[in-house]
Protein chains: 2
Amino acid sequence: MKIAVDAMGGDLAPQAIVEGVIQASSELPSEARIVLIGRENTILDIFRQHNFVPTNIDIVHAEDVIEMGEHPTKALSQKPNSSIAVGFKLLKEKEIDIFCSAGNTGAMHVGALFSIKAIEGILRPAIAGLVPQVGGGHAVMLDIGANADCKPEVLAQFGEMGSLFAQYTFQLEKPRVALMNIGEEEQKGSLTSQATYPLLKQNKRINFIGNIEGKDLFTNKADVIVTDGFTGNILFKLGESLYEIARKREINDEFIDKTNYESIGGSPIIGVNGNVMIAHGISSPLAIRNMIGWAYKQVKSKAYLHIAQALN
Amino acid sequence: MKIAVDAMGGDLAPQAIVEGVIQASSELPSEARIVLIGRENTILDIFRQHNFVPTNIDIVHAEDVIEMGEHPTKALSQKPNSSIAVGFKLLKEKEIDIFCSAGNTGAMHVGALFSIKAIEGILRPAIAGLVPQVGGGHAVMLDIGANADCKPEVLAQFGEMGSLFAQYTFQLEKPRVALMNIGEEEQKGSLTSQATYPLLKQNKRINFIGNIEGKDLFTNKADVIVTDGFTGNILFKLGESLYEIARKREINDEFIDKTNYESIGGSPIIGVNGNVMIAHGISSPLAIRNMIGWAYKQVKSKAYLHIAQALN
């Protein structure tokens, strides 16, 4: 298994990224290797700073960098030697099993759509957020930012994609799928959520448990939380902010610690023909280290193949 | 000043409501009286249970009750002697200065629209949530549930209504108005939020500071948070859930305590010709007591008159 990491993407790249990879490398099962994509000399310099001699890390040189503010589509076509463009090329050619980056989120999303492409039949791939639950474990919430406006059919499909993801990544037999809404009753909500409810209810391939509300986000009511990328992004970022608030107020709590973005490190893109993981722009070494752990689980789960099979 | 409270509305009514009123009555400035609307004998029984002799409470008898599950419009027309219908009749006739209820939210919203009516020029009145901030104080977020689907012009008007509310209720000279969105840049967001941004920016009567993100909900970035009733309701309920999560985990923190719905107790309807406050269905005596404190502040602020003046 080859887990590729963009060394150049992220506000603290390449330093924090390479340091996270160094930390992760000693914990990785022997079947896995890390592929660092970026400026080879820069990466080797950071290895040397830490007197680190890699045994399970390969470097693929990429001269260019897509900056955070760049226009995704333009940047990808103008910079074929950027770490993100090279990563997707390798992913498409199946030289790597997953591509992870803390760089330009738009470029990661567009790169996935243009290279490995959406699974046939998938209306819109989604970015899925892993949301810690007070009882332990995580729910998967989708979308958290790729699609700000979603039609009911798109949301309904998120329910099915999310269910398959949860089934294979969390190893749950019948993941509980819920629609994030403003009331429990079927007829509640926006026009879009009212139209989405029956589509989810009719789908016999998922275990739809109905609507949940904002208060249920962390309370282990659902394994899969269906929402558009507007509400989902706002909820997800609010969730991540709790750790920062608690830290400043010197609150120590195991659950709140898990809301720290660093404890997960990455959000997968679901609905594309391969494994892609997007990390936070401000990713620290710890975040990258934990992201690599989740990336390993995601490759093992083969969730994207199961999604493709389910649709054909 | 007469602060009217629906004795019969709420999951724990009338017991919890009347007990909250008893608690509040001793704290209220001498210029204010409480008007309890509901079944007189039931209310007097609860007074007797507590050996309570009211000095600043009047009772207005109302025989009927609109239950939580009833259809708002039907219930209001079929039950003119319900506590909610009687309350709005008194409010319309200016016999009371504010009407507060923990009962059927839909009936409270429809009752306000049918009796005192929307202020001329207001496209959609909104339910405004008071959101505690980590630095102290509150932001006002609107809408939190009355309008699940909002057009850009409606959202832009929320910004102006909210600004006037914050100016007069929080006594701020130039409240900071922000749009809840999924990125800081102007062009980010859903189609609706992209169209709302320039409308808020062009409005010279408000101090628009741009987009904020989910992570900024509690962090004192804005005094007025503009959002539709779908996202706003989900965010508000997630915020309220933090206290419950913290309580179960034995986390004691002053800020988290303020996220307890009981610490505010009520959410005003903004944009109507009068003062209306909606309390949580599960309102406890403490919640009712605190709601009455906010109700007093709201009447004093005359915010609804300032909103009406600003539009004419």
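FYI, side chains are in, hydrogens and waters are out, and symmetry mates aren't considered; it's all heavy atoms of this structure. Worth saying up front: this structure is predicted, and the values here are computed from it rather than measured. Sequence lines set the chain letters: A, B, ... in the order given, protein chains first and strands last, and positions in each chain run from 1.
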Look up atom OG1 in A:Thr231 and atom CE in B:Met180, then write down how far apart they are to the nearest 0.5 Å.
11.0 Å
Quick check against the 3.5 Å criterion: does A:Asp149 have a side-chain atom that pairs as donor or acceptor with the backbone of B:Ser190?
no
Segment of A:Asn181 engaging chain B (4.5 angstrom heavy-atom cut-off)
both
Is it the backbone or the side chain of B:Ser193 that comes under 4.5 Å from a heavy atom of chain A, or both, or neither?
side chain
Looking only at heavy atoms, what is the nearest atom pair of A:Ile182 and B:Ala148, with distance?
CD1-CB, 4.0 Å
Out of B:Cys150, B:Ser241, B:Gly189, B:Ala246, which one racks up the most heavy-atom pairs below 4.5 Å with chain A?
B:Ser241
Please state whether the side chain, the backbone, both or neither of B:Ile245 comes within less than 4.5 Å of a heavy atom of chain A.
side chain
Between A:Thr192 and B:Phe230, is the side chain to side chain contact (heavy atoms under 4.5 Å, CB included) condition met? List the steps.
CA-CA 11 Å; A:Thr192 300; B:Phe230 186 79; over 6 Å; no
Can you tell me how far the CD1 atom of A:Ile234 sits from the CG atom of B:Leu217, to the nearest 0.5 Å?
9.5 Å
How about residues 250-266 of chain B versus chain A: which residues have heavy atoms under 4.5 Å apart?
B:Ile251, B:Asp253, B:Glu254, B:Phe255, B:Ile256
Heaviest contributor of heavy-atom pairs below 4.5 Å to chain A, chosen from B:Glu185, B:Glu213, B:Glu244, is B:Glu213
Please state whether the side chain, the backbone, both or neither of B:Glu240 comes within less than 4.5 Å of a heavy atom of chain A.
neither
Measure the spacing between OG1 of B:Thr219 and NZ of A:Lys248 and express it to the nearest 0.5 Å.
8.0 Å
